[in-house]
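What follows is a single structure, written as structure tokens, with notes after it.
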Amino acid sequence: MKRFIIPIFITHKGCKFNCIFCNQRNIADDFTPPERVKDICNSFINSQINKFGEINSKYKIKQISFYGGSFTCIDKTLMLKYLNQAYHFVEKGDIDSLRLSTRPDCITQDTLDILKSYSVKTIEIGAQTLNDEILHKLERGHSVKDVIDAAYKIKSNNIELGVQLMIGLPDENYQLLKNTLNILTNIIKPDFIRLYPLIVIKGTDLEQSYLDNKFKPISLEEAVKRSSIIVDACLKSGIEVVRIGLQMTENLYKNIVAGPYSPNFGDMVLKNISKKEITNFNEK
């Protein structure tokens, strides 16, 4: 389903932990205070939606999205400021709904009731993996159960569910990937996923582990192979894959230390699937 999305970046806001792979302050776009939300949205609407009438017919859904932080973990007063600013455009009819990204351990029914009242229709939760041991090594601060519980609450409230996953994580193997896929496709059953390969970024604990030879990223070829397995399984289960690979930005490019990065990563994965070159999963 094609969407027109106006991005609002709340870089690292609400994040209670510092994951070993994360350095949002270096690689993400600038933090947007709530007072700037209306200006940003008006700029998008005036320059693109209103100026190019075809957008209204081309895109079935128009949304404002809060990216880059854990939206439901931020202070409630600040969260409401953001919601009020964005909801103004829903009330005007310029935008259909709101969407956001957050941590799985910051989803409560009270919060969901607030979000629904502001026309939040899509929530993405950052899971990264569905293995507790790897989550602990990543210093994520949440469990697989937190992901499952959050997914259940979101879906029970008729809100579209997205799950963000990573491949190439420390101690990851094909059996663990199989277990993650089993939980994802048979228990969580999200509407869509985003999939990223693990990249070593400057200023992270993972960078230090890499420099100390305690962590070795998987190759680009292996990353494509593992991603192909996940994407193929999701598509066969009716789960939309909205993104494969990291989006190129200047900040990201200049902060990459190592890892399976390619600006054409998504195309490489899709071509691999189409050529039916995926390693037989059951033999791993």
- Query: Passes side-chain contact (heavy atoms from CB on, under 4.5 Å), Tyr174 versus Lys225? Steps please.
  - Reply: CA-CA 11 Å; Tyr174 280 86; Lys225 187 183 297 184; 3.1 Å; yes
- Query: Would Ile239 and Val163 count as a side-chain contact (heavy atoms from CB on, under 4.5 Å) if you check the C-alpha gap in whole Å, the side-chain angles of each, and the deciding distance to 0.1 Å?
  - Reply: CA-CA 10 Å; Ile239 299 170; Val163 172; over 6 Å; no
- Message: For a side-chain contact (heavy atoms from CB on, under 4.5 Å) check, start with the C-alpha distance between Ile107 and Thr72, then their side-chain angles and the critical distance, and finish with the verdict.
- Response: CA-CA 7 Å; Ile107 295 291; Thr72 60; 4.2 Å; yes
- Message: Evaluate Phe265 against Leu220 for side-chain contact (heavy atoms from CB on, under 4.5 Å), listing each step before the verdict.
- Response: CA-CA 9 Å; Phe265 188 78; Leu220 180 59; 3.7 Å; yes
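The shortest distance between side-chain heavy atoms of Lys121 and Ile61 does not fall below 4.5 Å. With contacts defined as side-chain heavy-atom distances shorter than 4.5 Å, the pair Leu165/Leu184 qualifies. Ile199 places a side-chain heavy atom less than 4.5 Å from the side chain of Pro260. By the 4.5 Å heavy-atom criterion applied to side chains, Ile8 and Gln85 are not counted as neighbours. By the 4.5 Å heavy-atom criterion applied to side chains, Ser43 and Asp39 are not counted as neighbours. Between Ser227 and Ile230 the shortest side-chain heavy-atom distance does not fall below 4.5 Å. Put simply, the side chain of Lys62 does not reach to within 4.5 Å of the side chain of Phe44, judged on heavy atoms. Put simply, the side chain of Leu115 does not reach to within 4.5 Å of the side chain of Asn157, judged on heavy atoms.
Distance check, rounded to the nearest 0.5 Å: OG1 of Thr102 to CD of Glu124 gives 11.0 Å. Considering OG of Ser65 and CZ of Arg99, their distance stands at 5.0 Å, rounded to 0.5 Å. Atom-to-atom distance recorded for Leu169:CG and Glu133:CD is 13.0 Å, nearest 0.5 angstrom. The distance from atom CD1 of Ile95 to atom CD1 of Ile6, rounded to the nearest 0.5 Å, is 4.0 Å. Of the inter-residue distances, the one linking Leu100 atom CG with Thr122 atom OG1 reads 8.5 Å to the nearest 0.5 angstrom. If you take CG on Asp146 and CZ on Arg140, they are separated by 10.5 Å, rounding to the nearest 0.5 Å.
Counting only distance, with no hydrogens or angles, the side chain of Arg194 and the backbone of Gly126 share no donor-acceptor pair below 3.5 Å. Of the possible donor and acceptor atoms, one in the side chain of Thr32 sits under 3.5 Å from a partner among the backbone N and O of Phe9. Distance alone, capped at 3.5 Å, is enough to place a donor-acceptor pair between the Asp191 side chain and the Leu161 backbone. Looking at Lys189, its side chain never comes within 3.5 Å of a backbone N or O of Ser237 through a donor-acceptor pair. Between the side chain of Asn42 and the main chain of Lys38, a donor-acceptor pair closer than 3.5 Å is present.
Shown here for Phe215 and Gly168, the closest heavy-atom pair between the two residues is CZ-O, 3.9 Å. Here the closest non-hydrogen pair linking Ala127 and Leu135 is O-CD2, 3.5 Å. When every heavy atom of Ser274 is checked against every heavy atom of Lys271, the shortest pair comes out as OG-O, 2.8 Å. The shortest heavy-atom contact between Pro197 and Met166 is O-CE, 4.3 Å. Lys116 and Ile159 get closest at one heavy-atom pair: CG-CD1, 3.9 Å. Closest approach of Ile125 and Ala151 over heavy atoms only: CD1-N, 4.3 Å.
Taking the salt bridge (charged side-chain N to carboxylate O under 4.0 Å, His left out) definition, one finds that Lys137 meets it with Asp171, sequence neighbours left out. In terms of the side-chain contact (heavy atoms from CB on, under 4.5 Å) criterion, residue partners of Asp75 (sequence neighbours excluded) are, by chain and number, Thr77, Leu78. Under the salt bridge (charged side-chain N to carboxylate O under 4.0 Å, His left out) criterion, Lys214 pairs with no residue, sequence neighbours left out. Pro33 is linked by a side-chain contact (heavy atoms from CB on, under 4.5 Å) to Phe31, Glu35, Arg36, counting only residues two or more places apart in sequence or in another chain. Scanning for side-chain contact (heavy atoms from CB on, under 4.5 Å) contacts around Asp149 gives Lys145, with sequence neighbours left out. By the side-chain contact (heavy atoms from CB on, under 4.5 Å) test, Ile148 pairs with Val144, Ile183, Ile187, Ile188, sequence neighbours left out. With sequence neighbours excluded, the residues forming a salt bridge (charged side-chain N to carboxylate O under 4.0 Å, His left out) with Arg226 are Glu172, Glu222, listed by chain and number. Applying the side-chain hydrogen bond (donor to acceptor under 3.5 Å, both in side chains) test to Asn182 and every residue at least two apart in sequence or in another chain returns Asn186.
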Which side-chain N or O atoms in residues 205-213 pair as donor and acceptor under 3.5 Å with protein atoms at least two apart or in another chain?
residue : atom : partner : partner atom : Å
Glu207  : OE1  : Gly203  : N            : 2.8
Gln208  : NE2  : Asp212  : OD1          : 3.1
Gln208  : NE2  : Asp212  : OD2          : 3.3
Ser209  : OG   : Asp205  : O            : 3.4

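Just one residue in the list Val200, Val257, Leu198 forms a side-chain contact (heavy atoms from CB on, under 4.5 Å) with Pro217, and that residue is Val200.
Other residues, nucleotides and ligands place no more than 12 heavy atoms under 6.0 Å from the NZ atom of Lys81.
The ring-ring contact (aromatic ring centres under 6.0 Å, His included) pairs that include a residue from residues 87-128 are Tyr87-Tyr118, where partners are two or more places apart or lie in different chains. Applying the ring-ring contact (aromatic ring centres under 6.0 Å, His included) test to every pair with at least one member in residues 147-169, sequence neighbours left out, gives no pairs at all.
Ion pairing between Arg3 and Glu160 holds under the 4.0 Å rule for side-chain N and carboxylate O.
The hydrophobic cluster containing Val242, built from Ile/Leu/Val/Met/Phe/Trp/Tyr side-chain heavy atoms closer than 4.5 Å, also comprises Phe192.
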